[in-house]
Amino acid sequence: MPQRPLSVAVIGAGMAGRSHAAGYRQVDTVFGEGLPPVRLAAVADANEQLARDAARRYGFEKAVSSWEEVVEDRSIDAVSIVVGNSLHRPIAEAAIAAGKHVLCEKPLAGSLEDARAMVAAEERADVVTAVGYTYRRSPAIAAIRDHVRNRELGELTLFDGRYWCDYACDPRGPLTWRYRGGPGSGALGDIGAHVIDVGQFLCGPVVSVSGAVLTTHIAKRPLPLGAVVGHDAAPVGEEMGEVENEDTAVFSARFESGLSASFSVSRTAFGMPNGLAFDVHGLDGRASFDWHRPSEYLVDDRQPEARTRGARQVVVGPQMPYFAGGYPMQAPGVGGGNAEMFVYQCRAFLDQIVGTPDPLPPNATFADGLHTMQIVQAVVQSAQSGGAAIQIPAAIPTH
Ligand SMILES: NC(=O)c1ccc[n+]([C@@H]2O[C@H](COP(=O)([O-])OP(=O)(O)OC[C@H]3O[C@@H](n4cnc5c(N)ncnc54)[C@H](O)[C@@H]3O)[C@@H](O)[C@H]2O)c1
């Protein structure tokens with residue numbers, strides 16, 4: 001008997017919404033069989049032209065201008081929420097109440113209160129929920145996690161994580177939703193949340209933060225004259241508005257294991273288009289990663305011969321998590337990047353829904369997303385109290 005298709009929709013057709021649409025289109029091409037036919041049902045965006053463009057490019061049946069239409073459509077089983085953060089909660093609550101599975105973009109919500117309400121909604125319902133921490137799907141980062149978990153780096157001594165971008169360097173860049181929402185919702189929530197999640201993915205839960213400093217370098221920005229996608233340099237007028245959140249954030253952190261860490265995050269780091277990078281050091285080794293070279297990482301360990309000591313470059317290939325079965329060309333050194341990670345994330349989400357045994361670990365949960373937001377909030381509190389140490393509520397244990 002033919003299987004009933006699994007119908008998916010994407011809400012938001014901006015920078016990241018297109019990545020979800022492209023991801024669902026390709027879920028059948030990775031990691032073998034196991035999914036029922038996937039029906040690409042709808043793309044929704046308040047800007048109907050964007051919705052139409054994404055639906056056409058990625059083969060979705062229809063484009064609509066209201067997210068409510070998607071939520072009310074009983075034929076749709078699962079949705080991605082890929083709009084500005086303050087809209088995540090109302091859409092997620094409505095979708096969960098309508099019995100739909102939800103993959104929500106990071107950070108989980110526009111406020112801690114919203115994030116808590118979303119976790120409560122998930123706990124009341126029998127649906128799969130997930131958060132879009134895409135970097136967990138990088139073959140190189142997953143391989144480094146294996147080094148850490150196998151204790152090949154020995155006892156960990158330092159994690160240093162950075163996410164340096166330059167999308168806000170231009171003072172004529174338009175005042176979009178990214179610049180609104182108060183301290184913590186700027187660079188820290190937008191990109192810092194990713195590197196915090198990577199740190200926890202590798203090293204376990206963060207339990208406290210201290211020494212935080214938040215800085216806004218460009219206090220006012222021009223209002224856009226029309227729609228803006230992502231970080232695009234869209235036309236702006238003369239009218240200016242206040243930037244409500246931070247351009248840079250630095251802080252220290254301690255993990256549950258006792259490991260100490262430093263984090264720095266900036267959207268005004270010139271010359272860094274998308275610079276997520278980290279070093280993790282132990283008593284017996286270190287590993288280093290820089291997203292500008294996404295298909296490789298450096299690892300160093302106690303090689304027996306002192307004369308051969310030093311970091312070596314590892315190029316990802318079929319021996320790595322995600323690579324086997326995830327790339328059309330099963331050969332080392334063929335590259336890979338951001339787009340593939342969205343495919344793997346969508347695939348893991350749909351596998352979770354249908355219960356397919358999976359080579360991929362499940363996505364971050366809403367509870368994981370709430371914990372990351374609690375860390376972001378603690379960083380804000382630390383900054384507001386002159387750098388005080390702030391404890392984080394315990395993470396709800398997940399996979
Ligand atoms: N995981 C990642 O790597 C990643 C990367 C970028 C963005 N994001 C996240 O994705 C989300 C969206 O970010 P973006 O950069 O794509 O933003 P964006 O501004 O490019 O796109 C947002 C879209 O939402 C639409 N929209 C606004 N109000 C709407 C409504 N009421 N109903 C339907 N559509 C509406 C806008 O028209 C716009 O097209 C954010 O939560 C962001 O943090 C994640």
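When a ligand or atom number is given, it counts from 1 through the structure's own listing order.
Below 30°, between 30° and 60°, or above 60°: for H194 and Y163 the angle between ring planes is between 30° and 60°, a tilted geometry.
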For ligand 1, what N or O to protein N or O distances fall under 3.5 Å?
from     : atom 1 : to   : atom 2 : distance (Å)
ligand 1 : 1 (N)  : E105 : OE1    : 3.1
ligand 1 : 1 (N)  : E105 : OE2    : 3.3
ligand 1 : 1 (N)  : G132 : O      : 3.3
ligand 1 : 1 (N)  : T134 : OG1    : 3.0
ligand 1 : 3 (O)  : T134 : OG1    : 3.4
ligand 1 : 3 (O)  : H194 : NE2    : 3.4
ligand 1 : 15 (O) : R178 : NH1    : 3.1
ligand 1 : 15 (O) : R178 : NH2    : 2.9
ligand 1 : 16 (O) : M15  : N      : 3.2
ligand 1 : 16 (O) : A16  : N      : 2.8
ligand 1 : 19 (O) : W177 : NE1    : 2.9
ligand 1 : 20 (O) : M15  : N      : 3.0
ligand 1 : 20 (O) : G230 : N      : 2.7
ligand 1 : 34 (N) : A46  : N      : 3.1
ligand 1 : 37 (O) : D45  : OD1    : 2.5
ligand 1 : 39 (O) : D45  : OD1    : 3.3
ligand 1 : 39 (O) : D45  : OD2    : 2.6
ligand 1 : 41 (O) : V83  : O      : 3.2
ligand 1 : 41 (O) : N85  : OD1    : 2.6
ligand 1 : 41 (O) : H88  : NE2    : 3.0
ligand 1 : 41 (O) : K106 : O      : 3.2
ligand 1 : 43 (O) : K106 : O      : 2.8
ligand 1 : 43 (O) : K106 : NZ     : 2.9

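Side chains of Y322 and R137: a donor-acceptor N/O pair is present below 3.5 angstrom, by distance only. Residues E152 and N150 have side chains that bring a donor and an acceptor to within less than 3.5 angstrom of each other.
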- [ ] Begin with the C-alpha distance, continue with both residues' side-chain angles, and end with the deciding distance and a verdict on ring pair (Phe, Tyr, Trp, His ring centres under 6.0 Å) for F31 and Y344.
- [x] CA-CA 9 Å; F31 307 121; Y344 306 162; 5.2 Å; yes
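Salt-bridge formation is not detected for the pair R312/D300: no Lys NZ or Arg NE/NH1/NH2 atom is positioned less than 4.0 Å from an Asp or Glu carboxylate oxygen.
A donor-acceptor contact shorter than 3.5 Å is absent between the side chain of D351 and the backbone of A348.
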